[in-house]
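This structure is a prediction, so every number in the text was calculated from the model and none was measured. Here is the naming used below: chain letters follow the sequence lines, and residue numbers restart at 1 for every chain.
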Number of protein chains: 6
Amino acid sequence: MKSLITKTLVQIALEEDIGSGDITTKALVDPDLCGKATIIAKQELVIAGLEMVNSVYQALSPNNQFIPNCQDGDTITTGQMVCEIKGSLCSLLEGERTALNFLQRMSGIATQTRRYVNLLNRKKPLLVDTRKTLPGWRRLEKIAVRIGGAMNHRMGLYDGVLIKDNHIMVSGGIGPAIACIRQKVSHLTKIEIEVENFDQLEQALAAKVDVIMLDNMTINDIHLAVQKINGQALVEVSGGITLEHIQKIADTGVDIISIGALTHSAQAVDLSMQIEQDS
Amino acid sequence: MKSLITKTLVQIALEEDIGSGDITTKALVDPDLCGKATIIAKQELVIAGLEMVNSVYQALSPNNQFIPNCQDGDTITTGQMVCEIKGSLCSLLEGERTALNFLQRMSGIATQTRRYVNLLNRKKPLLVDTRKTLPGWRRLEKIAVRIGGAMNHRMGLYDGVLIKDNHIMVSGGIGPAIACIRQKVSHLTKIEIEVENFDQLEQALAAKVDVIMLDNMTINDIHLAVQKINGQALVEVSGGITLEHIQKIADTGVDIISIGALTHSAQAVDLSMQIEQDS
Amino acid sequence: MKSLITKTLVQIALEEDIGSGDITTKALVDPDLCGKATIIAKQELVIAGLEMVNSVYQALSPNNQFIPNCQDGDTITTGQMVCEIKGSLCSLLEGERTALNFLQRMSGIATQTRRYVNLLNRKKPLLVDTRKTLPGWRRLEKIAVRIGGAMNHRMGLYDGVLIKDNHIMVSGGIGPAIACIRQKVSHLTKIEIEVENFDQLEQALAAKVDVIMLDNMTINDIHLAVQKINGQALVEVSGGITLEHIQKIADTGVDIISIGALTHSAQAVDLSMQIEQDS
Amino acid sequence: MKSLITKTLVQIALEEDIGSGDITTKALVDPDLCGKATIIAKQELVIAGLEMVNSVYQALSPNNQFIPNCQDGDTITTGQMVCEIKGSLCSLLEGERTALNFLQRMSGIATQTRRYVNLLNRKKPLLVDTRKTLPGWRRLEKIAVRIGGAMNHRMGLYDGVLIKDNHIMVSGGIGPAIACIRQKVSHLTKIEIEVENFDQLEQALAAKVDVIMLDNMTINDIHLAVQKINGQALVEVSGGITLEHIQKIADTGVDIISIGALTHSAQAVDLSMQIEQDS
Amino acid sequence: MKSLITKTLVQIALEEDIGSGDITTKALVDPDLCGKATIIAKQELVIAGLEMVNSVYQALSPNNQFIPNCQDGDTITTGQMVCEIKGSLCSLLEGERTALNFLQRMSGIATQTRRYVNLLNRKKPLLVDTRKTLPGWRRLEKIAVRIGGAMNHRMGLYDGVLIKDNHIMVSGGIGPAIACIRQKVSHLTKIEIEVENFDQLEQALAAKVDVIMLDNMTINDIHLAVQKINGQALVEVSGGITLEHIQKIADTGVDIISIGALTHSAQAVDLSMQIEQDS
Amino acid sequence: MKSLITKTLVQIALEEDIGSGDITTKALVDPDLCGKATIIAKQELVIAGLEMVNSVYQALSPNNQFIPNCQDGDTITTGQMVCEIKGSLCSLLEGERTALNFLQRMSGIATQTRRYVNLLNRKKPLLVDTRKTLPGWRRLEKIAVRIGGAMNHRMGLYDGVLIKDNHIMVSGGIGPAIACIRQKVSHLTKIEIEVENFDQLEQALAAKVDVIMLDNMTINDIHLAVQKINGQALVEVSGGITLEHIQKIADTGVDIISIGALTHSAQAVDLSMQIEQDS
C-alpha cells in the first residue's frame with residue numbers, strides 16, 4: 001500500500017512547487033511535445049527512493065512511463081544513469097525538481113547509512129536509526145535507512161516501549177516502572193529502558209527488562225555494562241555515535257547501536273536530470 | 001495565516017510519531033500531572049522555527065502554554081535556554097521529538113545560512129536560496145533562510161520565470177524564447193535566463209532580458225560576464241558555490257549568488273528538551 | 001493527542017448526519033435559545049466514550065459545555081444520568097444522534113468486554129481483543145476494550161508480528177520463518193506464531209519463538225500444549241471463544257485468550273438523551 | 001459515484017490496519033509472488049458489500065483483480081465461495097482483515113434485515129431503518145439495509161422532516177409547528193411528526209400532517225390509532241420492535257415499521273479468507 | 001455546524017489568495033500593528049454572508065474581532081457601513097479580498113433574489129432556486145437565496161425526486177416510472193415529474209404524482225394546465241423565467257416558480273473595505 | 001498537473017450535488033445501461049472548461065469517455081455541439097448538472113472577456129483580470145480569462161507586489177515604501193504602486209517604481225499621467241472600466257487595463273445536455 005501519508009506528501013510537494021502553474025514551461029513548451037528525462041549520478045552514492053520518482057511522475061500524468069536502470073540499495077558511480085522517465089515534455093520539466101528532491105534526500109540517507117554499515121561489516125552489533133527524522137518524512141527516512149543496510153528502531157511512540165528518565169521519575173523508580181508497564185502493554189512488545197549509571201542498570205536487570213539502553217556512557221563503562229548484563233537483556237548504546245569511534249563501541253560487545261546521524265545529519269546527494277525532446 | 005500546507009504538516013508529523021498512542025507514557029504517566037519542558041541549545045546556533053514548537057504543542061492541547069526566551073534569528077550559545085512549554089506532563093513527553101525535529105531542521109538551515117551571510121558581510125551580492133528543499137518543507141525552509149539572513153529566490157515554478165536550456169531548445173533560441181514569454185507572463189514578473197557561454201549571454205542581452213544566470217562558470221568568466229553585461233541586466237551566479245570560494249565570486253561584482261547548500265546540505269543543530277514534573 | 005483519524009471520524013459523522021442542515025430544527029428552533037441535554041442509561045452498562053460526546057458537541061459549537069457525571073469504565077444502572085451538555089438548543093438537537101451513536105457503540109463494547117472479564121475475575125490468563133474491528137473504528141474500539149477491562153492485542157499489522165499459515169508456507173517452514181523474521185524486525189518486537197498441531201508447536205519451540213498461538217484447538221489439546229510449552233513461550237488461545245467455555249480454557253493454564261467477539265459481536269447499549277429548553 | 005466519504009473510509013481503514021507497514025508480511029513474503037484469495041461463508045448469510053472488497057484491493061494495488069461469485073443480496077450457505085481476488089500475495093495478505101471487516105459488517109446488517117423481512121413476507125407495512133448507525137458508516141449501513149430487503153428512512157437530518165417533542169415544545173404546540181415548517185421546507189418534502197398519545201394525534205391530523213409516527217405505543221393503542229387516522233396520513237410505528245412481536249404490529253394495519261435493531265444490533269457474520277500462492 | 005465543505009472552502013480560498021504569503025504586506029507592515037477594517041456598501045443591496053467574513057478573519061487569526069452593523073437580509077444603502085473587523089493590520093490586509101469576494105457573491109444573489117420576490121410581493125406562488133449553482137458553492141448560494149426571501153428547491157440529487165424525460169424513457173412511460181419510484185424512495189419524499197405536454201400531464205395525474213413541473217410552456221398552456229390539474233398536484237413552472245414576465249406566470253395560479261437566474265445570473269454587488277491603522 | 005485544489009473542487013462539487021445518491025436515477029435507471037450525452041450551445045459563446053467536463057465524468061467512472069468537438073477558446077454558435085460523453089447512463093445523468101455548472105461559468109467568463117478583447121482588437125494596452133474571483137475558483141477563472149484572450153494580473157498576494165494606500169501610510173510615504181520593499185522581495189518581482197494623484201505619481205517615478213497603477217482617474221488625468229510617466233514605468237489603469245468607455249482609456253496610451261468585471265460580473269452562458277440511451 002502506498003500509504004495515505006506518503007501519497008499526501010507527494011501531492012503537497014507538487015502543489016508547493018508548481019502551485020498555480022509552471023509559468024515558464026506553460027509559456028514556452030507545446031503541451032503536445034514528448035520527451036525523455038534521464039537521472040544521472042554526479043557522485044558515488046547508494047540509490048534510494050526510485051518509487052518516489054515514479055509516484056511524482058504518475059501524479060503529474062498517468063501516461064508518464066518510469067524505467068528504472070537500477071534498484072534501491074545499489075551503489076551508483078559518478079555519471080551512471082539511474083532511471084529514465086518518458087512522457088510529455090511539460091510534465092518532465094514540471095516534475096524535475098520535486099522528483100530530484102525526493103531522490104536526493106532518500107539516497108543521501110541510504111548513502112550515509114551504508115558508510116556506517118560498511119565500517120562495521122559484521123552481523124553484530126545491529127545499527128539502527130532513531131526518531132530524529134524530518135516531520136512528514138518518518139516513513140520515507142526509515143525506508144531509506146533499511147535500503148542503506150541498517151535496521152529500524154521503533155517507528156514511533158506507538159510501536160515500542162522505551163522508558164526514559166521522566167517516566168522513571170513519575171513511576172517511583174525503575175522497578176515499579178517496569179512492573180507497571182508490563183501489565184499494560186501488549187504481550188508482543190518488549191520493554192526497553194534507558195539507564196545512565198550502574199545503579200540504574202542493576203535495578204533494570206532485577207526487574208527483568210528486555211532491552212537496556214546505555215545513554216551517553218564512556219567506552220569503558222559500556223564495556224563494563226556489557227559484562228554485568230551478560231546476556232540477561234539486549235544491550236543498546238545510544239548518543240553521539242560518530243563514524244570515528246563506532247568501531248570501538250562495537251568491540252565492547254553491545255547488541256545494538258542507535259545512530260541519530262543516519263537521518264538528522266544526512267545531506268542530499270548530487271543527482272541531476274537531463275531532459276531531451278523526442279525528435 | 002498559518003497556511004493549509006503547514007498546518008497539515010504538523011498534523012502529519014504528530015500522527016506519524018504518536019499514531020495510535022505513546023504506549024510508554026500512556027502506561028506510566030498520570031494524565032492529570034503537569035510539568036514544564038525547557039529547550040536548551042547544545043551548540044552555538046541561530047534559532048529558527050519557534051512558532052512550530054508552539055504549533056505542535058497547541059495541536060496536542062490548547063491548554064499548553066508556550067513561553068519563548070528568544071526570537072527567531074537570535075544567536076544562541078551552548079547551554080542557553082530557548083523556550084519553555086508548560087502543560088500536561090503527558091503532552092510534553094508526547095510532543096518532545098516532533099517539536100525538536102521541527103526546530104532542529106529550521107535552526108540548522110538558519111545557522112548554515114548565517115555562516116554564508118557573515119562571510120560576505122556586505123549588501124551586495126545578495127545571497128539567495130534555491131528550490132532544492134525537502135518535499136513538504138518548501139515554505140518552512142524558505143522562512144528559515146530569511147531568518148538566517150539571506151533572501152529567497154522564487155518560491156516555486158509559479159512565481160518567477162527562469163528559462164533553462166530545455167526551454168531555449170524548444171523555443172528556437174534565446175531571442176525567440178524571451179520574446180515569446182514576455183507576451184505571456186504577468187507584467188509584474190521579470191524574466192531570468194540561464195546562460196552557459198558568452199554567445200548565449202549576448203543573445204540574452206540583445207533580447208533585453210531582466211536577469212541573467214551564469215551557470216557553473218569559472219571565476220574569470222564570471223568576471224568577464226559582469227563587465228559585458230555592465231548593468232543592462234541583473235547578474236546571478238549559481239552552481240556549486242561553497243563557503244571557500246564565495247568571497248571570490250562576490251568580488252566579481254555579481255548581483256546575486258544562489259546557493260542550494262543553504263537548504264540541501266544543512267544539518268540538524270543540536271538541541272535538547274528537559275522535562276520536569278510540577279512539584 | 002486527539003488523533004487525526006479520530007478527529008476526521010467526528011467530522012465525517014456530523015457531515016453524514018447533518019449535511020446541508022437539520023431542516024426540522026432550522027425551521028422550528030430559534031438559534032438564540034439555550035438548553036440542556038441529559039444522557040440517561042436505559043439498561044445496566046459499562047460506560048465508554050464520554051470524550052467522543054464532548055468532541056461531537058465541541059465540533060458543533062465551541063460554546064457547548066460538557067459535564068460528565070461518571071467516568072469511562074464505571075458501571076451505570078438503568079435510569080442513571082451519564083452526563084449533561086449545556087449550550088444552544090439547536091446544536092443540542094443536531095448532535096443528539098451522532099453523540100449517542102458514538103457512545104452506544106463504545107459502551108456496547110466495554111459492556112461486552114466486562115462480561116468476559118468478570119467471568120474470569122483473575123489475573124491470568126489475559127483477555128485481549130483482535131483486529132476484527134469496524135473499518136475506521138480501530139482506535140476507538142480498542143480503547144473501549146481497555147475501558148471494559150481487557151487488554152489490546154496488536155493495533156494493526158504494523159506493531160506486532162504474527163506468523164500465520166501463509167507466511168509459513170512461503171518461508172519454507174516454521175523454523176526458517178522465525179529465523180528470517182528475527183533478522184528483519186525491530187529488536188523491540190516479540191515474535192508470535194500460529195500453530196495448528198503439535199508438530200508445528202515443536203518446530204516453533206525449537207526456533208525459540210516468543211509467543212505461540214493455538215488456533216482452534218480442543219480443550220484437551222490446549223491443555224497438552226501448555227504442558228509441552230512449559231513456560232518456554234507465552235501461550236495464546238484464539239478462535240471461537242464464547243462466554244460458555246472460556247472458563248474451561250482459562251483452566252488449561254494459557255497466558256492469553258484473544259476474543260474477536262469483544263468487538264465484532266458487541267451490540268449498541270441503550271442510552272437516550274433528554275433535551276430541555278432553558279426557562 | 002464512489003462518494004468522497006466512502007472513499008475516505010477505505011483509506012482510513014487501510015491506514016489504521018497497515019499504517020507504517022505489515023511487518024510480518026514485509027519480512028517473509030517476496031513482493032513478486034502472486035496468489036489467489038477466496039472468501040468463504042462460514043454460516044448461512046445474506047451477502048452485502050462486495051464492492052467494498054473490491055475497493056480495498058484496488059486501493060492496495062490497481063493490478064489486483066476481483067472476481068465475484070455471487071451478487072449483493074444473495075443468500076449464501078455455509079462453505080459457499082463468495083468471491084476471489086487475484087494479485088500480489090503481499091497485498092492479498094495485507095488487505096485480508098480490512099476487506100473481511102467491511103464485508104462481515106455489511107453482510108451482518110443485510111442478514112439481520114432479511115430475517116425481519118422474511119418474517120412479514122408481504123408488501124405492507126414497509127420495514128425501514130433508523131439513524132442509529134455507526135458514525136462514518138451511515139451510507140454503507142443504509143445500503144446494506146436495502147440489500148437485505150428493507151427500505152431506508154431519511155439518510156440524515158437534511159433530507160426529511162421529523163418533528164419530535166422538543167420541536168413541538170418550542171413551537172407552541174403541534175398545530176403551530178406543522179404550520180410553521182410547511183412554509184419553510186421544500187415543496188418536495190413530506191412532514192412527519194412523532195406523537196405519544198391520542199390528543200397529540202388529533203392535533204396532528206387537524207394540521208394535515210403527512211406522516212404520523214406512533215412512539216412506543218401498545219399494540220392496542222396502535223390499532224386504535226390506525227383506525228382514527230383512517231388514511232388521512234401515513235402511519236409509522238417506532239420503538240423497541242423485536243422479531244417476536246413485529247407480526248402483531250404489522251397486523252394493526254400500520255404503513256411503516258422503523259427498526260433501529262437492523263443496524264444497531266446487527267452482528268458481524270462469519271466469513272473467512274483462504275489465501276494460496278500461485279504454483 | 002459550520003459544515004465540513006464550507007470550512008474547506010474558506011481554507012481553499014485563503015490558500016489560493018495568500019499561498020506562500022502576502023509579499024507586499026509582509027515586507028511593509030509591522031506584524032505588531034493593529035487596526036480596523038470597515039466594509040461599506042457602494043450600491044443599494046441586500047446583504048448576505050456576514051458569517052463568511054467572520055470565518056475568513058477567524059481563520060487568519062483567532063484574535064480578530066468581527067462586529068456586524070446589520071443582519072443578513074437587511075437592505076443596505078450606498079455608503080452604509082456593513083461591519084467592522086478589528087485585529088492585526090497584517091491580517092486585515094491579507095483577508096480583504098477573500099472576505100469581500102465571499103460577501104459580494106452572496107449579497108449579489110440575495111439582491112437578485114429580492115428583486116424577484118418584491119415583484120410578486122405575495123404568498124403564492126413560491127419562488128424557488130435550482131441546482132444551477134457554482135461548483136463548491138451549493139450550500140452558500142442556497143443560503144443566500146433564502147436570505148433574499150425565496151425558498152430552496154432540492155439541495156441536490158439526494159434529497160428530492162424529479163423525474164425527467166430520460167428517466168421516463170428508460171422506465172417505459174410516465175405511469176410506470178411513478179409507480180416504480182414510489183416503491184423505492186423514502187416515504188418522506190414527494191415525487192415530482194417534468195412534463196412537456198398535456199398528454200404527459202394527464203398520465204402524471206393518473207399516476208397520482210405529488211408535483212408536476214411544466215417545462216418551458218407558454219403562458220396560455222400554463223393557464224390551461226393549472227385548470228386541468230385543479231389541485232390534484234402542486235404545479236411548478238420552470239425554464240427561462242425573467243423579471244419581465246414573471247408576473248404573468250404568477251397570475252396563472254401556479255404554486256411554484258423555479259428560477260435558475262437567482263444564482264446563475266447573479267452578479268457581485270459593489271462593496272469596499274477601508275482599513276485604518278490604530279493610532 | 002491537475003492541481004490539488006482543482007481536484008478537490010471537483011470532488012466537493014460532486015459530493016454537494018450527489019451526496020448520498022441520486023435517488024431518482026438510482027430508482028429508475030438500470031446501472032448496466034449505456035448512453036451518450038451531448039452538450040449543445042443555446043447561445044453564441046466562447047467555450048472554456050472542456051477539461052472540467054472530462055474531470056467530472058472521470059471522477060464518476062473511469063470508463064466514461066469524453067469526446068470534445070471543439071477546443072477551449074473556440075467561438076460556438078447556437079445549436080452547435082460542444083462535446084460528447086459516452087458511458088453508463090446513470091453516471092451521465094448524475095454528472096449532468098455539475099459538468100454544466102463548471103462549463104457554463106468558465107465559458108461565461110471567456111465570453112465576457114472576448115467581448116472586451118474584441119472591442120480593442122490591438123496589441124496594446126493589455127487587458128488583464130483582477131483578484132475579484134469566486135473563492136475556490138481563482139485558478140479556474142484565471143484560466144478562463146486567458147482562454148477568452150486577455151492576460152492574468154497576479155494570481156494572488158504571493159506572486160506580485162502591489163503597494164496600496166494602507167501600505168504607503170504605514171511605510172512613511174511612497175519613496176520609503178518602494179525603497180523598503182525592493183530590499184525584501186525576490187529579484188524576479190517588479191514593483192507596482194497604486195497612485196491617486198499627480199503628487200503621488202511623481203514620488204513613485206522618483207523612486208523608480210516598475211509599474212504605476214492609476215486608480216479611478218478621469219480620462220483627462222490618465223492622458224496627462226501617461227505623458228508625465230513617458231515610458232519610465234509601465235502604466236496600468238484600474239477601477240470601474242466598462243465596455244462603453246474602454247476605447248477612450250485605451251487611446252490615452254496606457255500599457256495595461258485591469259477589469260474586475262471579466263470575472264465578478266460574468267454570467268453563466270446557456271448550454272444544455274441531451275442524453276440518450278444506447279439502442
Contact origin within Leu89(D) toward chain C - heavy atom pairs under 4.5 Å: side chain

Between Leu140(D) and chain C, with a heavy-atom cut-off of 4.5 Å, which part of the residue counts as in contact: side chain, backbone, both or neither? neither

Which region of Leu92(C), side chain (C-beta onward) or backbone (N, CA, C, O), has a non-hydrogen atom less than 4.5 Å from a non-hydrogen atom of chain D, or is it both or neither? neither

Non-hydrogen atoms of Leu28(C) and Ala177(D) that approach each other most closely: CD2-O, 3.5 Å

Between NZ on residue Lys164(D) and OG1 on residue Thr25(C), distance to nearest 0.5 Å: 10.0 Å

Report, by ascending residue number, the residues of residues 96-106 of chain D in heavy-atom contact with chain C at a distance under 4.5 Å; give 'none' if the set is empty. Arg97(D), Thr98(D), Asn101(D), Phe102(D), Arg105(D)

Could you measure the distance from the OG1 atom of Thr8(D) to the CD atom of Gln11(C)? Nearest 0.5 Å is fine. 11.0 Å

Let me confirm one number: the CD-OH distance from Glu15(D) to Tyr158(C), rounded to the nearest 0.5 Å. 8.5 Å

Donor-acceptor under 3.5 Å (Thr24(C) side chain, Leu162(D) main chain): yes

Examine whether an atom of Asp17(D) lies under 4.5 Å from a heavy atom of chain C, and if so say whether it belongs to the side chain, the backbone or both; otherwise answer neither. both

When you compare the side chain of Gln267(D) with that of Gln267(C), does any pair of heavy atoms fall below 4.5 Å? yes

Whatever's closer than 4.5 Å to a heavy atom in chain C on Thr263(D) counts as neither

Just wondering, are more than 12 heavy atoms of other shown residues or ligands nearer than 6.0 Å to NZ in Lys190(C)? yes

Interatomic distance, CZ@Arg154(C) vs CD1@Ile23(D), rounded to 0.5 Å, equals 7.5 Å

Would you mind telling me which of Arg131(D), Met52(D), Met169(D) has the largest number of heavy-atom pairs within less than 4.5 Å of chain C? Arg131(D)

So what's closer than 4.5 Å to chain D heavy atoms on Ile168(C): side chain, backbone, both or neither? neither

Heavy-atom contacts under 4.5 Å, residues 270-277 of chain D to chain C: Ile275(D), Glu276(D), Gln277(D)

What residue in Leu134(D), Val10(D), Leu93(D) has the most heavy-atom pairs under 4.5 Å with chain C? Leu134(D)

Between CD1 of Ile18(C) and CG of Leu157(D), what distance do you get to the nearest 0.5 Å? 6.0 Å

Does any heavy atom of chain D fall under 4.5 Å from the side chain of Thr130(C), the backbone, both, or neither of them? neither

Can you measure from CD (Glu16(D)) to OG1 (Thr133(C)) and round to the nearest 0.5 angstrom? 5.5 Å

Using a 4.5 angstrom heavy-atom cutoff, name the option from Gly108(D), Pro176(D), Gly160(D) with the most pairs to chain C. Gly160(D)

Between Val170(D) and chain C, which part of the residue has a heavy atom less than 4.5 Å away: side chain, backbone, both or neither? both

Ignoring hydrogens and angles, tell me if any N or O in the side chain of Trp137(D) forms a donor-acceptor pair with the backbone of Pro135(C) under 3.5 Å. yes

Region of Val161(C) in contact with chain D, defined by heavy-atom distances below 4.5 Å: both

Counting heavy-atom pairs under 4.5 Å with chain D, the top scorer among Ala13(C), Gly136(C), Gly35(C) is Gly136(C)

